[in-house]
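Because the structure is a prediction, the values reported are computed rather than measured.
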Amino acid sequence: MLAKREAEMSVSWDVTFFRLGVAALAVVGGSGLLVGCGAIEQGSKAVGEQVQRDTFKPSEATSEGVSIHVYLDQSASNEVSRQDTGMQLVDLLDTYPESAKTTVYWYATDVKKISTIFSSKAALQEIVSQYDTDPTGDPPQAKGTMLSLAFRDLQTQAAREPNKRVVGIFVTDGGFEDDQSVLSKEAMRTGEIPNIAMIAFVGLDARGTTKLSLLDSVVKDNFVALGGKQYFDITVQNGAGILAQAKKALQSEIVNTKQSSASTASDAPAE
């Protein structure tokens, strides 16, 4: 009897441990399943957001408070780097889900308007394709990259939009043929205009040259002299960090003016 009782107890304990093991596996398996479902859901959401970003091409600005002006270097020295530079420009002006009016120009020995769009990845990719392949972007007969002309045009645009925060983006390898004293004065005048909030240089090729240091001393130091201005110089090589800073600053300009407009509207007395 005793042996029989011990055998029954052994079977009982075996069944209990088996059930506990099955329960534990169910819990662990269920957690893994939940984690897996969560990862799939997050991945699907990320893919959806990327598709929205890639196809985002607004027909109007989400904020009327910012105006962006992009100046594309038309000179021969910048031809070889246009594709890489264009990718940087797309990244910088990919402001999804916000957008601002963006006017694009050629500049070299003069300034010519190309088109007005609204900042987004899709819209800028079309501009970059034109920048890289359109024959109208071929260097002019007269050689020279006159950056001062682009600065004067930006000053004119800012005067036409006194109630907007104006951003100037200059796409160039960093070389210019302006007299340094002339360019210094134009940079300082640009910095003195209250509604010009930020300028950025995209596509700078500083390898083995003094282009970057010269640009800083002639342009940056004069533009930021009065304070309250933002300046970014983004190089083709190793420029990701500054590019991220410039992009964040641009998005902040758009969001802040949007919030300011909304606050002003809510504070307005009811009629």
Before accepting this row, confirm whether a basic side-chain N of the pair Lys211/Asp173 lies closer than 4.0 Å to the acidic partner's carboxylate O.
yes
Hydrophobic clusters here meaning ILVMFWY residues chained together by side-chain heavy-atom distances under 4.5 Å, can you tell me if Val111 and Leu154 are in one?
yes
Which distance, rounded to the nearest 0.5 Å, do you find between the CD of Glu98 and the CD1 of Ile254?
7.0 Å
Taking Glu177 for the side chain and Met146 for the main chain, is one N or O donor matched with an acceptor at less than 3.5 Å?
no
Say you draw a straight line from CD of Gln125 to CG of Leu89; how long is it, rounded to the nearest 0.5 Å?
11.0 Å
If we ignore hydrogens and angles and just use 3.5 Å, is the side chain of Ser119 paired with the main-chain N or O of Ala100 as donor and acceptor?
yes
Answer with yes or no whether the side chains of Ser120 and Ser99 bring together a donor and an acceptor at under 3.5 Å.
no
NZ/Lys247 to CG/Asp94 distance, rounded to the nearest 0.5 angstrom?
4.5 Å
Ser67 versus Glu161, closest heavy-atom pair with distance:
OG-OE1, 2.9 Å
Taking Leu250 as the starting point, is it possible to reach Phe118 by hopping between hydrophobic residues whose side chains are less than 4.5 Å apart?
no
Does any non-hydrogen side-chain atom of Val236 lie less than 4.5 Å from one of Gln88?
yes
Indicate, with yes or no, if Ile114 and Ile169 share a hydrophobic cluster defined by side-chain heavy-atom contacts under 4.5 Å among Ile, Leu, Val, Met, Phe, Trp and Tyr.
yes
Interatomic spacing from OG1 in Thr235 to CZ in Arg207 - rounded to 0.5 Å:
9.5 Å
Test item: Asn195 side-chain N/O and Val166 main-chain N/O as donor-acceptor pair under 3.5 Å
no
Side-chain contact, heavy-atom cut-off 4.5 Å: Thr103 with Thr116?
yes
Side-chain donor-acceptor contact under 3.5 Å, Gln251 with Thr95
no
Can you name the residues that form a ring-ring contact (aromatic ring centres under 6.0 Å, His included) with Tyr107, not counting sequence neighbours?
none
As a quick check of understanding, evaluate side chain to side chain contact (heavy atoms under 4.5 Å, CB included) for Leu92 and Phe232, giving each step before the final call.
CA-CA 11 Å; Leu92 176 60; Phe232 301 93; over 6 Å; no
What are the two closest non-hydrogen atoms of Ile196 and Gln155, and how far apart are they?
CD1-CA, 4.4 Å
Look at the side-chain heavy atoms of Ile, Leu, Val, Met, Phe, Trp and Tyr, link any pair under 4.5 Å apart, and say whether Met188 and Met198 land in one connected group.
no
Do Leu93 and Val255 sit in the same hydrophobic cluster, where Ile, Leu, Val, Met, Phe, Trp and Tyr count as joined when their side-chain heavy atoms come under 4.5 Å apart?
no
With a 4.5 Å cut-off on side-chain heavy atoms, are Pro97 and Thr62 touching?
no
Ion pair Arg189/Glu186, N-O distance below 4.0 Å:
yes
Stepwise, does the side chain to side chain contact (heavy atoms under 4.5 Å, CB included) test hold for Leu215 with Phe170?
CA-CA 12 Å; Leu215 196 65; Phe170 303 89; over 6 Å; no
Looking only at non-hydrogen atoms, find the nearest pair between Pro162 and Ala159 and report the distance.
CD-O, 3.5 Å
Separation between CG (Asp216) and CZ (Phe223), nearest 0.5 Å, reads 13.0 Å
For residues Glu64 and Lys164, report the shortest heavy-atom separation together with the two atoms involved.
O-CE, 3.0 Å
Is a donor on one side and an acceptor on the other found under 3.5 Å between the side chain of Asp91 and the backbone of Met87?
no
Lys113 side, atom NZ; Tyr71 side, atom OH - distance, nearest 0.5 Å:
11.0 Å
What are the two closest non-hydrogen atoms of Ser115 and Ile127, and how far apart are they?
OG-CD1, 3.5 Å
Can you check whether Leu212 reaches Asp233 side chain to side chain, under 4.5 Å on heavy atoms?
yes
Between the main-chain N or O of Gln180 and the side-chain N or O of Ser184, is there a donor-acceptor pair closer than 3.5 Å?
yes
Student check: side-chain heavy atoms of Val70 and Leu72 closer than 4.5 Å:
yes
If we only count heavy atoms from C-beta on, is the Phe176 to Val219 side-chain gap below 4.5 Å?
no
Report yes if the side chains of Tyr96 and Lys121 come closer than 4.5 Å at any heavy-atom pair, otherwise no.
no
Mind listing the closest non-hydrogen atom pair of Ile234 and Ala246 along with its distance?
CD1-CB, 4.0 Å
Can you check whether Lys185 reaches Asn222 side chain to side chain, under 4.5 Å on heavy atoms?
no
